[in-house]
Student: 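Right, I'll just put the structure down here and ask away after.
Order of listing sets the numbers, starting from 1, for every ligand and every atom in it.
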Amino acid sequence: MALATINPFNGEHVKSLDGSTASEIDVALAGAASSAPIWAATTFARRAALMRNVAAILRGQSESWAQLITLEMGKIIREARAEVEKCAVTCEFYAEHAERFLADEEIESDAGLSYVAYFPLGTVLAVMPWNFPFWQVFRFAAPALMAGNTAVLKHASNVPQCSLAIEAIFRDAGFSEGVFRSLLIPGAQVQGLIADPRIHAVSVTGSEATGRKIAAAAGAALKKTVLELGGSDAFVVLADADLELAASIGVAARYLNGGQSCIAAKRFILVESVADRFLELFRRRAGALRLGDPGDEGTDVGPMARADLRDELDRQVQDSVRMGAVPVMGCGPVSGPGFFYRISILDRVQPGMRAYEEEIFGPVAIVIRAADEEDALRIANDSRYGLGGSIWTRDIGKGEHMARRLQSGAAFVNGMVRSDARLPFGGIKASGYGRELSYLGIREFVNAKTVWIK
Ligand code: NAP
């Protein structure tokens with residue numbers, strides 16, 4: 001089956017690529033399997049040297065990778081450059097720290113010597129989304145490879161050139177072909193791969209629906225999974241918040257990447273006494289954002305990645321409006337070529353509306369009003385998701401206390417939720433399970449083996 005690059009800015013078909021054939025898939029899996037023991041026996045120093053080469057290639061050709069990202073999924077060019085740099089930083093982070101993160105850990109017991117030692121699992125299948133087409137892959141690959149695993153990538157079908165570019169980067173950095181392979185296949189073909197005995201574990205970043213299917217298939221095959229799924233992060237503004245700061249960061253937290261980020265601030269939960277004032281500040285800043293050509297340096301928000309995603313977003317918005325939600329700004333697609341959706345704010349969102357219950361993956365800020373602080377926390381936790389969330393208050397003690405009560409994998413006080421190679425990243429509830437990044441991320445795809453010696 002052919003895959004294609006469609007430019008989201010103008011809807012033009014740019015390029016078709018042949019999908020991987022059955023024999024190409026077999027060759028890739030065989031190569032990953034035969035490379036696995038060799039790569040597992042490679043020293044940390046050697047793995048780190050190659051990973052640093054990857055960082056250098058990312059930086060050396062940063063502009064061309066950034067342009068490819070922008071072309072295939074519509075991210076504005078400034079954000080695309082930052083994405084490439086973040087990948088390089090993360091490769092260097094694991095090059096430097098992987099050996100320490102996976103060092104033997106002695107544990108006192110009745111043995112003469114007992115300890116935990118970490119060994120790679122084999123080949124990890126990565127199923128990845130288009131929204132950060134480089135970052136999602138490197139966030140998985142840098143720790144998985146540094147731990148001594150080999151990897152097979154199935155990237156999202158709308159970013160096939162990014163998928164091949166990443167494979168080429170690893171190859172050019174000196175990794176043998178079997179250590180990192182990319183397959184151009186549709187999602188429907190993934191189940192067969194999971195069942196293949198040459199795959200030992202699966203890492204998926206994507207929607208809740210995909211996560212459930214992959215977890216079921218991996219469960220049937222008894223294979224370890226890490227699921228990084230959707231989110232509906234709360235952005236809780238308390239009465240004593242610095243409203244100017246909260247509004248300015250809130251706009252960035254919602255509209256970054258055209259609103260297509262798992263940890264975007266999706267639900268603005270405002271304590272009623274400051275709701276109107278915050279909303280006015282937020283609206284003014286959001287209204288100043290420039291929607292346009294993602295390749296232009298001056299653009300703040302680009303198109304959505306695909307027409308079907310834009311249309312589904314609009315259905316979520318219009319259904320909610322029919323049930324009483326109030327459009328404050330935008331709330332509709334832009335006519336003409338390209339997959340643009342207006343920079344939008346939807347106020348007075350209530351339980352039962354799609355905008356309340358579902359993930360809103362695009363440039364639409366959802367506003368929910370709360371009676372007081374406790375009510376705000378209750379609403380924040382009234383979500384099927386549990387990825388991130390933030391609390392805005394001048395009282396740091398109160399903010400920390402509320403952050404600890406937020407049902408999420410990450411809680412920020414007076415800051416925008418973001419990922420950082422040094423800090424663990426992941427969710428609870430329908431946002432999935434397992435952690436990426438930091439020392440926890442590299443310990444997901446290893447066998448933590450107990451060694452006991454009399
Ligand atoms: P998606 O539709 O679930 O696709 C993600 C990946 O899964 C793609 O490679 C897709 O392939 C594949 N896939 C689709 N159906 C499949 C199936 N039945 N079996 C196996 N694989 C299948 O998600 P998306 O629209 O690309 O990405 C947006 C979602 O990802 C949002 O929900 C977002 O919140 C979430 N996300 C989460 C994180 C996190 O860290 N928690 C980070 C980023 C994004 P095809 O393209 O071929 O369909």
Student: Parallel, tilted or perpendicular: which one describes the rings of F445 and F140, with boundaries at 30° and 60°?
Tutor: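 Rings of F445 and F140: perpendicular, as their planes differ by over 60°.
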Student: Is atom OH of Y439 surrounded by more than 12 heavy atoms (other residues, nucleotides or ligands) closer than 6.0 Å?
Tutor: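 Check fails, neighbour count at 12 or below.
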Student: Of the protein's non-hydrogen atoms, which lies at the shortest distance from atom 38 (C) of ligand 1, and what is that distance?
Tutor: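 Nearest protein contact, heavy atoms only, for atom 38 (C) of ligand 1 is C262 SG, 3.0 Å.
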Student: List every atom of ligand 1 that sits less than 4.0 Å from any heavy atom of E359, numbering the atoms from 1 in the order shown and giving each element.
Tutor: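 The list of qualifying atoms is 31 (C), 32 (O), 33 (C), 34 (O).
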Student: If the cut-off is 4.0 Å to any non-hydrogen atom of P186, which atoms of ligand 1 fall inside it?
Tutor: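 Close to P186: 47 (O).
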Student: Cation-pi between K266 and F361: NZ/CZ under 6.0 Å from ring centre and within 45° of the ring axis?
Tutor: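 The answer is no, since K266 fails at least one limit relative to F361.
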Student: Looking at E228 and R435, what are the two nearest heavy atoms and their distance?
Tutor: OE2-C, 4.2 Å
Student: Among all protein heavy atoms, pick out the one at the shortest distance from atom 48 (O) of ligand 1; state its residue, atom name and that distance to 0.1 Å.
Tutor: G187 N, 4.2 Å
Student: Using heavy atoms and a threshold below 4.0 Å, how should the contact between Q260 and ligand 1 be classified: side chain, backbone, both, or neither?
Tutor: neither
Student: For N10, is the CG atom crowded, meaning more than 12 foreign heavy atoms sit under 6.0 Å from it?
Tutor: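 Yes - once you tally the heavy atoms of other residues, nucleotides and ligands closer than 6.0 Å, there are more than 12.
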Student: Can you say whether the rings of F278 and F235 are parallel (under 30°), tilted (30 to 60°) or perpendicular (over 60°)?
Tutor: tilted
Student: Quick one: does any side-chain atom of S431 pair with a main-chain N or O of G230 as donor and acceptor, under 3.5 Å?
Tutor: yes
Student: Does atom CD of E400 have more than 12 heavy-atom neighbours from other groups under 6.0 Å away?
Tutor: no
Student: Should you measure from each heavy atom of L387, which atoms of ligand 1 turn up under 4.0 Å away?
Tutor: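 Heavy-atom distances to L387 below 4.0 Å select 41 (N).
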Student: Would you please classify the geometry between the Y94 ring and the F101 ring as parallel, tilted or perpendicular, with 30° and 60° separating the classes?
Tutor: perpendicular
Student: Tell me whether R418 at atom CZ has more than 12 heavy atoms from other residues, nucleotides or ligands lying less than 6.0 Å away.
Tutor: no
Student: Could you tell me the residue and atom name of the protein heavy atom closest to atom 12 (C) of ligand 1, and the distance to it rounded to 0.1 Å?
Tutor: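 Heavy-atom neighbour on the protein nearest atom 12 (C) of ligand 1: V127 CG1, 3.7 Å.
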Student: Suppose we measure from atom 43 (C) of ligand 1 to each protein heavy atom; which comes out shortest, and what is that distance?
Tutor: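 Looking at atom 43 (C) of ligand 1, the protein heavy atom closest to it is Q136 NE2, 3.0 Å.
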Student: Is there at least one pair of N or O atoms, one from S207 and one from ligand 1, spaced under 3.5 Å apart?
Tutor: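 Yes, at least one N or O pair falls under 3.5 Å.
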Student: Among G19, G230, P129, which one puts a heavy atom closest to atom 27 (O) of ligand 1?
Tutor: P129
Student: Among H155, R139, E358, which one has a heavy atom closest to atom 40 (O) of ligand 1?
Tutor: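 Looking at heavy atoms only, R139 sits closest to atom 40 (O) of ligand 1.
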Student: Considering only heavy atoms of I214, which atoms of ligand 1 have at least one such atom less than 4.0 Å away?
Tutor: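 What qualifies from ligand 1 is 20 (C), 21 (N).
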Student: Under 3.5 Å between any N/O of S157 and any N/O of ligand 1: does that happen in this structure?
Tutor: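 There is such a contact, yes.
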Student: Quick check: does W130 get an N/O under 3.5 Å from an N/O on ligand 1?
Tutor: yes
Student: Which residue and non-hydrogen atom of the protein lie closest to atom 37 (C) of ligand 1, and at what distance in Å?
Tutor: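 Nearest protein contact, heavy atoms only, for atom 37 (C) of ligand 1 is L229 O, 3.0 Å.
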Student: For atom 44 (C) of ligand 1, grab the closest protein heavy atom and report residue, atom and distance to one decimal in Å.
Tutor: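 Of the protein heavy atoms, N131 ND2, 3.3 Å lies nearest.
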Student: What's the verdict on ring-ring contact (aromatic ring centres under 6.0 Å, His included) for W39 and F175, showing C-alpha distance, side-chain angles and the deciding distance?
Tutor: CA-CA 9 Å; W39 182 242; F175 285 79; 5.3 Å; yes
Student: Quick check: G206 and ligand 1, any N/O pair under 3.5 Å apart?
Tutor: yes
Student: Counting only N and O atoms by type, is there a donor-acceptor contact under 3.5 Å from the side chain of D319 to the main-chain atoms of R354?
Tutor: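 Not at all, since once roles are kept as given, no pair shorter than 3.5 Å links the two residues.
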Student: Out of W135, F132, F361, whose heavy atom sits nearest atom 28 (C) of ligand 1?
Tutor: F361
Student: Who gets closest to atom 11 (O) of ligand 1 by heavy atom: K154, M128, K213?
Tutor: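 Looking at heavy atoms only, the winner is K154.
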Student: Would you indicate which of V204, T210, V202 comes nearest to atom 21 (N) of ligand 1 when only heavy atoms are counted?
Tutor: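 Looking at heavy atoms only, T210 sits closest to atom 21 (N) of ligand 1.
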